[in-house]
Amino acid sequence: MIEAAQRWEELFPGAHALGEVIRALAYALVGALIFHWLVVQLPERRRARAAYLGHVLAFQTLVGAGVGPLLHYRMWLAAIADNGGRRVDELSAHDRTGLWEAAQLCADALPSYFAADGNHFKVLRSVILGVEVSLDGISPSLSFLHPDVAQALGLFPTSRGVNGLQIPPLGSDRELCINRAAHITWELLQGVQRLAPALAAHAPEIELQVSADLTVHGKQYQLAPSREDLFPSA
């Protein structure tokens, strides 16, 4: 358009010179944008994609660790009901009170399993270890990830910190075991509900679907999380 306008007479003194300046600025802007895309944005996207794909297993481990304990509670509640115990509504991933009640019900029905030296805390200890190993593996690549993903990883719960995931000491009373079990499950859920939306937005190629299974008295239970489990409530 500026080139075509050079054929017209000047509308005011200096209009031609002003047009030359505007043309030069326009060409410079277009060149800068192309240069930025080729030299900065394109390599950044390649590095980010390589970082995400290089840590797929770690991301999947974090998602599985975040929602896995909830799925186990749901399966234990179903098994308790199938074996003559109290039947309850499905445990919501967004109901903190319901989670504590579920831990109480499971501990009532399976006191040895939910004791401090029981298998439940052995499983949770493995889950926490998997979280920490995964976070350590991803940490060198944090600068290549989108800030939303990096923030979610930084906030993912571990055994460290004031609000950390702490396994109860051996010999702990029943109430402490219930509170620790529910606390660990809830904090892991909060972690995955920050991470899953960030990954879905910035690394949609990573498959987030996981599942868990449990066998009780010869009957197998298997569950997978829903989208509502992995994403925060509206």
Query raised in the report: For the side chain of Asp95 and the backbone of Ser92, is there at least one donor-acceptor N/O pair under 3.5 Å apart?
Result: no
Query raised in the report: In the hydrophobic clustering that connects Ile, Leu, Val, Met, Phe, Trp and Tyr at side-chain heavy-atom distances below 4.5 Å, which members other than Phe144 occupy its cluster, ordered by chain and number?
Result: none
Report summary line: Rounded to the nearest 0.5 angstrom, the NE2-CD distance for His94 and Gln190 is 9.0 Å
Query raised in the report: Does atom CG of Asp173 have more than 12 heavy-atom neighbours from other groups under 6.0 Å away?
Result: yes
**Report entry** Arg74 side chain vs Leu91 backbone, donor-acceptor pair below 3.5 Å
**Finding:** yes
Report summary line: In terms of heavy-atom contacts, Leu208 and Ala196 come closest through CD1-O, 3.8 Å
Report summary line: On a heavy-atom basis, the closest approach of Cys177 and Ser172 is SG-O, 3.9 Å
Report task. May I ask you to test the Gln193-Leu230 pair for a side-chain heavy-atom distance under 4.5 Å? Result -> no
Query - Gly64 versus Pro69, closest heavy-atom pair with distance - result: O-CD, 4.4 Å
Query - Rounded distance [0.5 Å steps], CZ in Arg96 versus CD in Glu101 - result: 13.0 Å
Query raised in the report: Can you tell me how far CD of Gln222 sits from OG1 of Thr215, rounded to the nearest 0.5 angstrom?
Result: 9.5 Å
Query raised in the report: Just how far is it from atom CG of Leu189 to atom CG of Asp229, taken to the nearest 0.5 Å?
Result: 7.5 Å
Query - Pairwise side-chain contact, Ile167 with Ile184, heavy-atom cut-off 4.5 Å (strictly under) - result: yes
Query raised in the report: Donor-acceptor pair, Asn119 side chain versus Lys122 backbone, under 3.5 Å?
Result: no
Query raised in the report: Do Ile178 and Ile128 belong together in a cluster built from hydrophobic side chains that touch within less than 4.5 Å?
Result: no
Query raised in the report: Going through the checks in order, is the ring pair (Phe, Tyr, Trp, His ring centres under 6.0 Å) test met by Tyr221 and Trp76?
Result: CA-CA 9 Å; Tyr221 299 84; Trp76 275 117; 8.6 Å; no
**Report entry** Residues Leu165, Glu187; criterion side chain to side chain contact (heavy atoms under 4.5 Å, CB included); working and verdict
**Finding:** CA-CA 8 Å; Leu165 310 179; Glu187 291 300 321; 3.6 Å; yes
Query raised in the report: What are the two closest heavy atoms between Arg180 and Phe121, and how far apart are they?
Result: CB-CE2, 4.3 Å
Query raised in the report: Under 4.5 Å between any side-chain heavy atoms of Leu62 and Phe156, yes or no?
Result: yes
Query raised in the report: Can Gln166 and Ser159 be counted as having a side-chain donor-acceptor contact under 3.5 angstrom?
Result: no
Query raised in the report: Checking Gln60 side chain against Val210 main chain: does a donor-acceptor pair fall under 3.5 Å?
Result: no
Query raised in the report: Does CD belonging to Glu205 count more than 12 external heavy atoms closer than 6.0 Å?
Result: yes
Report task. Could you tell me whether the side chain of His72 and the main chain of Leu214 form a donor-acceptor pair under 3.5 Å? Result -> no
Query raised in the report: Between Tyr73 and His120, how do the two ring planes meet: parallel, tilted or perpendicular, split at 30° and 60°?
Result: perpendicular
Query raised in the report: So do Leu223 and Ser211 actually touch side chain to side chain, heavy atoms under 4.5 Å?
Result: no
Query raised in the report: Between Ala182 and Ala103, which heavy-atom pair has the shortest distance, and what is it?
Result: CB-CB, 4.1 Å
Query raised in the report: Less than 4.5 Å apart, any side-chain heavy atom of Thr61 and any of Val131?
Result: no
Query raised in the report: If Ile, Leu, Val, Met, Phe, Trp and Tyr residues are connected whenever their side-chain heavy atoms lie under 4.5 Å apart, and connections chain through other members, are Leu77 and Met75 in the same group?
Result: yes
Query raised in the report: Do Leu71 and Val127 share a hydrophobic cluster, counting only Ile, Leu, Val, Met, Phe, Trp and Tyr and linking them when any side-chain heavy atoms are less than 4.5 Å apart?
Result: yes
Query - Within-4.5 Å side-chain heavy-atom neighbours: Tyr52 and Ile206 - result: yes
Query raised in the report: Mind checking who shares a hydrophobic cluster with Leu129, ILVMFWY linked at side-chain heavy-atom distances under 4.5 Å?
Result: Val133
Query raised in the report: Got Leu153 and Leu145 here, is their nearest side-chain heavy-atom distance under 4.5 Å?
Result: yes
Query raised in the report: Does one hydrophobic cluster hold both Val63 and Leu155, with members joined at side-chain heavy-atom distances below 4.5 Å?
Result: no
**Report entry** Co-membership, hydrophobic cluster, residues Trp100 and Leu176, 4.5 Å side-chain
**Finding:** no
**Report entry** With His202 via ring pair (Phe, Tyr, Trp, His ring centres under 6.0 Å) - residues at least two apart
**Finding:** His146
Query - Note, Pro157 side chain near Glu132 side chain (heavy atom, < 4.5 Å) - result: no
Query raised in the report: Which atom names give the shortest non-hydrogen contact between Ala200 and Pro204, and what distance separates them?
Result: O-CB, 3.7 Å
